[in-house]
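These notes are about the structure you will find just below.
Only this structure's heavy atoms are used, side chains among them; waters, hydrogens and symmetry mates stay out. Within every chain, numbering begins at 1; the chains are lettered A, B, ... in the order of the sequence lines, protein sequences first and strands thereafter.
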2 protein chains.
Amino acid sequence: MARKTGSHSEITGPRIRAVAERLFARHGYAAVSMRQIAAEVGVQAGALYLYTPDKQSLLADMMREHLEGLLAALADLPAPPDPAEALAQFARFHVDYHILRPDAVFIAYMELRNLEPAHFAQVEALRRRYEDALEAILQRGRDMGVFSLPDTKLATLALIAMLTGVTNWYREGGRLGRAEVLGIYADMALKAVGAGPKR
Amino acid sequence: MARKTGSHSEITGPRIRAVAERLFARHGYAAVSMRQIAAEVGVQAGALYLYTPDKQSLLADMMREHLEGLLAALADLPAPPDPAEALAQFARFHVDYHILRPDAVFIAYMELRNLEPAHFAQVEALRRRYEDALEAILQRGRDMGVFSLPDTKLATLALIAMLTGVTNWYREGGRLGRAEVLGIYADMALKAVGAGPKR
DNA sequence: GCTTGAAATGAACCCTTGTTCAGTTTACCG
DNA sequence: CGGTAAACTGAACAAGGGTTCATTTCAAGC
């Protein structure tokens, strides 16, 4: 039988993913070598291949899992009937989720170009599904006359860019607290689409 | 004397920068080799070193020049007394400038991590100056009571992220024209800070 | 305690990297 | 037309890349 206590496989596997995520985010996928990852994990480079078929899969799996987690968390939210409330909830959710995972977010948005076509298509489809969720909210708000939007697709991308930008500067323990930041971004999002902030 | 007509140096130099810009934007600095650049220019790798001391300088110069151009263009704008007008002008300017140079923009925002500390400091200072220009507009609008902003620094970064996001999707000849896009972004920016769109 | 097999080593594989440089080409100047 | 210097080649360098694999380690189960 497989070993249990004392076995390292259940520790090394996740550690590789964690280290790779941090290094990829910090220096970029192409700039990080398998030997660097191995060194930080405390293992030889060859050992990495017990946990991943190759470097590319390490990246692709990481991105896919991040986006699947994001979509799953989004699906767990209630669906408020009021579009303004739905948008405020989305904005808070998005900022909060991204603030807590800056490395994964950065990689998912920046390393798309380093994916082979097959992996790229998978990841892009997931991202598209997420954007569609926001666009549906905007569409409904516009149909109900509470949002004023010349173009919902453009607004979707503009809002996501604005909200995701939080990862560029937010640091835990900084000048602004997390709750505060969520509120400000949600307000800006609501105002940007022509709805008053939720009180 | 130096040759003039027939000399390639005044052609090869700019071509190297142009090719490098496109490749860095497409694949990332670390993923592009000097041999790839040379091949696209139609020259041997060694010849690149007649025009740049090393690969790192190629990147750093590119980023510095982009940001200097951005700041110079910004400085050429008039300074409208009305904050809302100033913000609308800034938004239009930012989107327009970025739409026309997607590769340079992408590199300036994404390859910061690949700069050596000395180059990084220079580039970061330029970017900071640009952000400060927008923050000054927001600050003045808030002081005059026409913008409602809990935090001007956060708003600055949120707006820049939103506006810069245009490079993620805008393509010349697409569904929306450039003028149209400028207008929509400017409106969203104004609304986001609590000012009505300029008419 | 001995066997077993998963976990990890460490050396090797071949390829590509950034960079250098002695030598060749080329087109202008005098 | 010959000399000159700029522009470029092409081969070499040492270092590091991703990946493989025969071998060693060692805790778990009998």
Base contacts versus sugar-phosphate-only contacts with protein, heavy atoms under 4.0 Å: please encode nucleotides 12-19 of chain D as B, S and - from 5' to 3'.
B----BBB

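- At the phosphate of C:dA8, neither OP1 nor OP2 sits under 4.0 Å from any side-chain N or O atom of A:Q44.
- Not a single donor-acceptor pair under 3.5 Å links the side chain of B:R26 to the backbone N or O of B:D103.
- Annotation: the span from B:H98 atom NE2 to B:N168 atom CG amounts to 11.5 Å, rounded to 0.5 Å.
- In this structure, CG of A:L50 is placed 14 Å from P of C:dG10, rounded to the nearest angstrom.
- Checking the phosphate oxygens (OP1, OP2) of C:dA8, a side-chain nitrogen or oxygen of A:T12 falls inside 4.0 Å.
- In this model, no donor atom of one side chain and acceptor atom of the other lie less than 3.5 Å apart for B:T156 and B:E131.
- Atoms CG (A:L48) and P (D:dT20) sit 12 Å apart, rounded to a whole Å.
- Distance B:I16 CD1 to D:dC8 C1': 11 Å, rounded to the nearest Å.
- Checked by atom type and distance alone, the side chain of A:Y185 never pairs as donor or acceptor with a backbone atom of A:V95 at under 3.5 Å.
- In this model, the phosphate group of D:dC8 is approached by a side-chain N or O of B:Y51 to a distance below 4.0 Å at OP1 or OP2.
- The aromatic rings of B:Y29 and B:F24 sit perpendicular to each other, their planes meeting at more than 60°, with 30° as the lower class boundary.
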Determine whether B:R15 and B:E40 satisfy the following criterion, salt bridge (charged side-chain N to carboxylate O under 4.0 Å, His left out), listing intermediate values before the conclusion.
CA-CA 9 Å; B:R15 262 179 60 84; B:E40 288 220 15; over 6 Å; no

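- Nearer the 5' end of DNA chain D, as judged by each residue's closest nucleotide, is the contact made by B:A47, out of B:A47 and A:A47.
- Axis angle, first five pairs versus last five pairs of the helix from C:dG1-D:dC30 to C:dA27-D:dT4: 0°, rounded to 10°.
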Would you please test B:Y130 and B:H94 for ring pair (Phe, Tyr, Trp, His ring centres under 6.0 Å) and show each step?
CA-CA 10 Å; B:Y130 185 72; B:H94 185 96; 5.5 Å; yes

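- A donor-acceptor contact closer than 3.5 angstrom is absent between the side chains of A:K55 and A:S33.
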